[in-house]
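Let me begin by presenting the structure, written as structure tokens, before commenting on it.
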Amino acid sequence: MRLAEYSDYALRVLMYCAARPQEQVTIGEMAERLGVSKNHLMKIVNDLANRGLLKTTRGRGGGVQLLKDAAGIRIGDVVRATETDFRLAECFDKRTNMCSLTPTCRLKGVLDSALQAYFRELDATTLADIAGPRNRARLQS
């Protein structure tokens, strides 16, 4: 499984802002530092603002800041909000499943368990855990 580019950059934007909690950062600054087009980042920032994660201020001296505390933002929630498809195999979508092995196959159960484990790990991790200096207590658990 691979994160969509959109999700990857959404997480990077949040991490960038979390590492500068007292600052308003500009989309241009982030675009330059992250190596992403401003237009692409503007869409992502707008989406994250609409989801209540970022505060945006227009005009001179404006920019972007986290709206919520980084410790209150679970990575799993961000990934669920920004990813569009968690069907790991054809059989995950009952409407379009044409696999002839479905009646006897146990692969879907294994893949579903793996997906749930993936989200358990992401849900146990906050933005504060991944932004800024490494937290030794988190890494030792």
Side-chain angles (χ1 to χ4, degrees), residues 1-103 105-141:
M1 187 169 157
R2 180 178 176 169
L3 286 180
E5 194 174 87
Y6 188 90
S7 298
D8 181 16
Y9 289 129
L11 289 167
R12 290 182 198 201
V13 164
L14 292 171
M15 290 169 63
Y16 192 87
C17 291
R20 296 152 184 81
Q22 305 305 317
E23 299 176 33
Q24 286 200 43
V25 296
T26 67
I27 291 174
E29 172 189 338
M30 283 191 288
E32 187 176 312
R33 291 292 306 262
L34 300 175
V36 185
S37 80
K38 277 178 70 172
N39 287 337
H40 193 53
L41 279 189
M42 286 190 328
K43 292 175 190 173
I44 292 169
V45 165
N46 187 49
D47 184 31
L48 294 172
N50 287 335
R51 294 181 186 283
L53 297 172
L54 293 178
K55 173 182 146 185
T56 60
T57 307
R58 292 180 174 227
R60 186 179 176 139
V64 178
Q65 271 184 298
L66 281 183
L67 187 58
K68 297 172 71 173
D69 181 54
I73 299 173
R74 295 186 322 167
I75 302 306
D77 293 334
V78 175
V79 171
R80 282 184 193 90
T82 58
E83 284 293 313
T84 58
D85 188 3
F86 293 107
R87 294 172 298 167
L88 299 181
E90 176 185 349
C91 56
F92 275 66
D93 188 340
K94 291 177 185 175
R95 294 176 295 125
T96 60
N97 182 16
M98 299 297 286
C99 180
S100 62
L101 299 176
T102 297
C105 181
R106 293 183 303 269
L107 178 61
K108 180 181 178 186
V110 172
L111 292 175
D112 189 51
S113 292
L115 183 62
Q116 298 312 312
Y118 172 75
F119 277 112
R120 272 192 306 278
E121 185 65 26
L122 293 179
D123 287 340
T125 306
T126 68
L127 185 57
D129 293 328
I130 64 171
R134 289 182 178 248
N135 179 341
R136 291 182 188 198
R138 170 78 172 122
L139 294 176
Q140 292 173 356
S141 60

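- When all heavy atoms of L67 and G52 are compared, the closest pair comes out as CD2-O, 3.5 Å.
- The two residues T126 and A71 come nearest to each other via the heavy atoms CG2-O, 3.2 Å.
- The stretch residues 76-101 participates, sequence neighbours left out, in these ring pair (Phe, Tyr, Trp, His ring centres under 6.0 Å) pairs: F86-F119.
- Partner V64 forms a side-chain contact (heavy atoms from CB on, under 4.5 Å) with one of T26, L54, L41, L48 and no other, that one being L54.
- Listed here is the closest heavy atom pair of C17 and L66: CB-CG, 4.0 Å.
- The heavy-atom pair separating A19 from A131 by the smallest distance is N-CB, 4.4 Å.
- Sorted by first then second residue, the ring pair (Phe, Tyr, Trp, His ring centres under 6.0 Å) pairs that include residues 55-82, not counting sequence neighbours, number zero.
- Taking all atoms of both residues into account, the shortest heavy-atom contact from I27 to K38 is CG2-O, 3.8 Å.
- The two residues A124 and D129 make their nearest non-hydrogen contact at O-OD2, 3.8 Å.
- In this structure, the side chains of N46 and T56 stay at 4.5 Å or more apart for every pair of heavy atoms.
- Applying the 6.0 Å contact sphere to NZ of K108 captures more than 12 heavy atoms from other residues, nucleotides or ligands.
- Once rounded to the nearest 0.5 Å, the distance linking CD1 of I130 with CD1 of I75 reads 3.5 Å.
- In this structure, M42 CE and I44 CD1 are separated by 11.5 Å, a value rounded to the nearest 0.5 Å.
- A salt bridge links D77 with R80; the closest basic N to acidic carboxylate O contact falls under 4.0 Å.
- We find the CG-CG distance between L11 and L122 to be 8.5 Å, quoted to the nearest 0.5 Å.
- For the pair V45 and M30, the minimum side-chain heavy-atom distance is below 4.5 Å.
- Residue pairs meeting the side-chain hydrogen bond (donor to acceptor under 3.5 Å, both in side chains) criterion with at least one member in residues 4-20, sequence neighbours excluded, are Y6-D47, S7-T82, S7-E83, D8-R12, Y16-E29.
- Between M15 atom CE and L127 atom CG the span is 7.5 Å, to the nearest 0.5 Å.
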